[in-house]
> 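First the structure, then my questions, so here it is.
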There are 2 protein chains.
Amino acid sequence: MALPNGPVTTSSEAEAVLFELVDVYDRAYEAAAAQLSLSPAQACVLGRLDERRGMGALADELGCDASNITQIVARLETLGLVTREPNPQDRRARLVARTPRGDEINHRFTTAFTFARTAVGRLSPDEQDQLTALLRKALG
Amino acid sequence: MALPNGPVTTSSEAEAVLFELVDVYDRAYEAAAAQLSLSPAQACVLGRLDERRGMGALADELGCDASNITQIVARLETLGLVTREPNPQDRRARLVARTPRGDEINHRFTTAFTFARTAVGRLSPDEQDQLTALLRKALG
DNA sequence: CCTGTTACTTGAGTGAATCAAGGATCATTG
DNA sequence: CAATGATCCTTGATTCACTCAAGTAACAGG
C-alpha cells in the first residue's frame, strides 16, 4: 500500500480532516483497483478510455511522460483490456480503446470504488451543496 | 508525477470536487517533496520521526511491510537525514531518529507543503468549522 | 524534397511495494 | 536452564511506476 501523503502535525482541525480524507480516499482507490488485480495507474488509464484516444492525449491529461503511458497501456493490452489500433488519419499515432473485457473490468472498478459515493451519500443534498461550495472556495 | 486516483465520470458535483481536491493535494505533496529532492515516501517517513521510534512502529502506522520501511529508512540514512541506532532495551530492534540535517529538511518540507494551509486559509473560521464538520460526517 | 516538428517507443536507471526466507534476539515454558 | 516459538528487522527477488535520453517513423511547411 502506498504511504500516506500527509504530515503528522497539522495546525488546524480542518487541515487534519483534509489529510485524513485524502488518505482514506487514496487507500480506497488502491483497494478497489487491487480487487480487480489492477494497479492504481492501470485503473486510472482504463477509466479515461470511455472514448478511444491517442497516447499523447492521455499523457497530457494525466500530466506524465509519454513513455509512462506507453508502458501502462502495454500492460493493459497484455491483460486484454485495451487495444492499440493505428490511427488512419495519422500513421504516427495510435488509438487506444477498451476491449469489451476492458469495459467490464472498468465497470466493476467504478462499482467497487464506493468511497466518494458513500462519503457524499452520508450528507443531505443541502450539505452536499455546502461541501461543494466550501471545497471550491478552498481550492481557490 | 503519480497518476491521479480518480474517475472521470462522477455522479455528483460533490464527488467531482472531492476528486479534484485529492488530486491537487497529492500533486502538491509530491511537488513539495521533489523541491527537496525527496520522494513522497521519504518525506512521509521523515515527517513521522518527531520522536525516535522503531522500524516496526513506522510500518504499523503507515500500513506497509517492514521491508519497505527498511528500504526507505536506508535511503534516508544514506542521505544523512536519519540515524538507525541500536535499541538498548531490545537488541533486535533499531531506533530511527532524525539527524539535525533531517530536522532541517523536514522543517523545510513542512514549509514548502503549503497546500492544506493555503486551502484552509481561504475559508473564514466559521467556514473552516463547517468544512470540518461536513468532512467528518462524510467520513462516517 | 528538406527541415523541423510531432507521436510514440525503447532502454537505462531509480525507487516503491510486496513476498519469501533468514538471522538474531527475546520471552515462555516445560 | 534449555528448547521452542514469537518478534524485529534485513536480504533477495520480482513487479511496476516514473523519468530522462535517444531513436524511429510519419506528418507539415517551405
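Below, chains carry the letters A, B, ... as their sequence lines are ordered, and counting in each starts from 1.
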> Testing the 3.5 Å rule here: is there a donor-acceptor pair between the side chains of B:S67 and B:D65?
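Yes, B:D65 and B:S67 have a side-chain donor paired with an acceptor closer than 3.5 Å.
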
> I want to know whether B:Y25 and B:F113 have ring centres closer than 6.0 Å.
yes

> Ion pair present between A:E15 and B:R117, side-chain N to carboxylate O less than 4.0 angstrom?
no

> Round to the nearest Å and state the distance from B:N87 atom CG to D:dT10 atom P.
12 Å

> Ignoring backbone atoms, establish whether B:R91 has a side-chain N or O less than 4.0 Å from OP1 or OP2 of C:dC26.
yes

> How would nucleotides 7-17 of chain C be written as a contact map, 5' to 3', with B for base contact, S for sugar-phosphate-only contact and - for no contact, using protein heavy atoms under 4.0 Å?
SSBB----SBB

> In whole angstrom, what separates A:L58's CG from D:dA17's C1'?
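Roughly 16 Å, once rounded to whole Å.
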
> Please report the interatomic distance CG(A:L46) to CG(A:L79), rounded to the nearest 0.5 Å.
9.5 Å

> Would you call B:R122 and B:E127 a salt bridge, using N to O less than 4.0 angstrom?
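Salt bridge flag = no for B:E127 with B:R122.
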
